[in-house]
Amino acid sequence: MPSSAAPACPRSRLLLALLALAVIAVGLASRRGYLPLPAVWGNYPGDALWAWVVLLCVAWVRPAIAPGRLVVVSLAIAFAVEVLQLYQAPWMQALRAHPLAYLVLGNGFDPLDLLAYVIGIAGAAVVDGLWWWMGCGGERSIAHQE
């Protein structure tokens, strides 16, 4: 797991945005049934990918955020959005009726979504750590340790 120390070089906002678009495309494809995923998984792969996009958005806003803090903030946002689904005021339901708001806010609390978010953010954190290691610290870090 990535350390909580700040990355030696900030993440690229352009690459974060491109990766977010790719993850969104895969997530939408998973929801529409275009990916050969087991039916028993239901919507949870899309939920995990949604959480990955949350992490990418947090990283885009704060490219130099430490990996540990990135995970904590992303989980807090994802969990808050899920808990907000318990709030069923008419104005909130009207907002959720809009397709874009529905994709961002969801509708209907499901505790298993929280597990999907943990899995999605954990996977995203691994990718973020590998991305940083390969792009910023990989070979230099190994050379300095020898």
Side-chain angles (χ1 to χ4, degrees), residues 1-139 141:
M1 180 150 173
S3 73
S4 61
C9 58
R11 298 163 184 90
S12 163
R13 282 191 166 127
L14 175 61
L15 292 177
L16 289 166
L18 292 174
L19 183 56
L21 290 174
V23 173
I24 289 169
V26 172
L28 291 174
S30 77
R31 287 290 176 122
R32 301 254 190 261
Y34 297 138
L35 299 179
L37 300 173
V40 70
W41 289 2
N43 289 331
Y44 299 115
D47 294 338
L49 292 167
W50 176 88
W52 189 344
V53 172
V54 169
L55 181 134
L56 292 170
C57 290
V58 172
W60 188 89
V61 170
R62 299 282 309 265
I65 190 171
R69 183 168 289 189
L70 176 61
V71 167
V72 169
V73 170
S74 301
L75 281 172
I77 291 169
F79 280 31
V81 170
E82 187 66 26
V83 170
L84 184 63
Q85 292 175 16
L86 293 169
Y87 184 64
Q88 298 291 320
W91 71 269
M92 184 60 94
Q93 287 300 86
L95 179 64
R96 289 182 182 126
H98 187 279
L100 182 58
Y102 178 80
L103 289 172
V104 173
L105 300 173
N107 192 26
F109 178 81
D110 181 356
L112 289 177
D113 285 351
L114 301 175
L115 177 60
Y117 300 158
V118 169
I119 291 168
I121 289 173
V126 168
V127 170
D128 181 68
L130 290 173
W131 185 3
W132 172 83
W133 187 81
M134 290 170 44
C136 296
E139 292 179 16
S141 295

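Treat the numbers as computed from the prediction; the structure is a model and nothing was measured. Heavy atoms only: backbone and side chains are in, while hydrogens, waters and symmetry mates are out.
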Query raised in the report: When rounded to the nearest 0.5 angstrom, what distance separates CD in Glu82 from CZ in Phe109?
Result: 5.5 Å
**Report entry** Separation of Ser30 OG from Tyr44 OH (nearest 0.5 Å)
**Finding:** 13.5 Å
Throw together a table of side-chain donor-acceptor distances under 3.5 angstrom for residues 13-26, partners on residues two or more places apart or in other chains.
| from | atom 1 | to | atom 2 | distance (Å) |
| --- | --- | --- | --- | --- |
| Arg13 | NE | Trp60 | O | 2.6 |
| Arg13 | NH2 | Trp60 | O | 3.3 |
| Arg13 | NH2 | Val61 | O | 3.1 |

Query raised in the report: Which atom pair, heavy atoms only, marks the closest approach of Ile121 to Val71?
Result: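 For Ile121 and Val71, the tightest heavy-atom pair comes out as CG2-CG1, 4.0 Å.
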Atom pairs and distances, side-chain donor-acceptor, residues 45-55, under 3.5 Å, sequence neighbours left out:
| from | atom 1 | to | atom 2 | distance (Å) |
| --- | --- | --- | --- | --- |
| Asp47 | OD1 | Arg31 | NH2 | 2.4 |
| Trp50 | NE1 | Leu103 | O | 3.4 |
| Trp50 | NE1 | Val104 | O | 3.4 |

Query raised in the report: Below 4.5 Å, heavy atoms only, C-beta onward: do Phe79 and Asp113 meet side chain to side chain?
Result: no
Requested in this report: May I ask you to test the Arg11-Leu70 pair for a side-chain heavy-atom distance under 4.5 Å?
Outcome: yes
**Report entry** Sidechain-backbone polar pair: Gln88 side chain, Gln93 backbone, donor-acceptor under 3.5 Å
**Finding:** no
Report task. Apply the test side chain to side chain contact (heavy atoms under 4.5 Å, CB included) to residues Met92 and Gln85: give CA-CA distance (whole Å), side-chain angles for both, the deciding distance (0.1 Å), then the verdict. Result -> CA-CA 9 Å; Met92 184 60 94; Gln85 292 175 16; over 6 Å; no
**Report entry** side chain to side chain contact (heavy atoms under 4.5 Å, CB included) against Tyr102, all qualifying residues, sequence neighbours excluded
**Finding:** Asn107
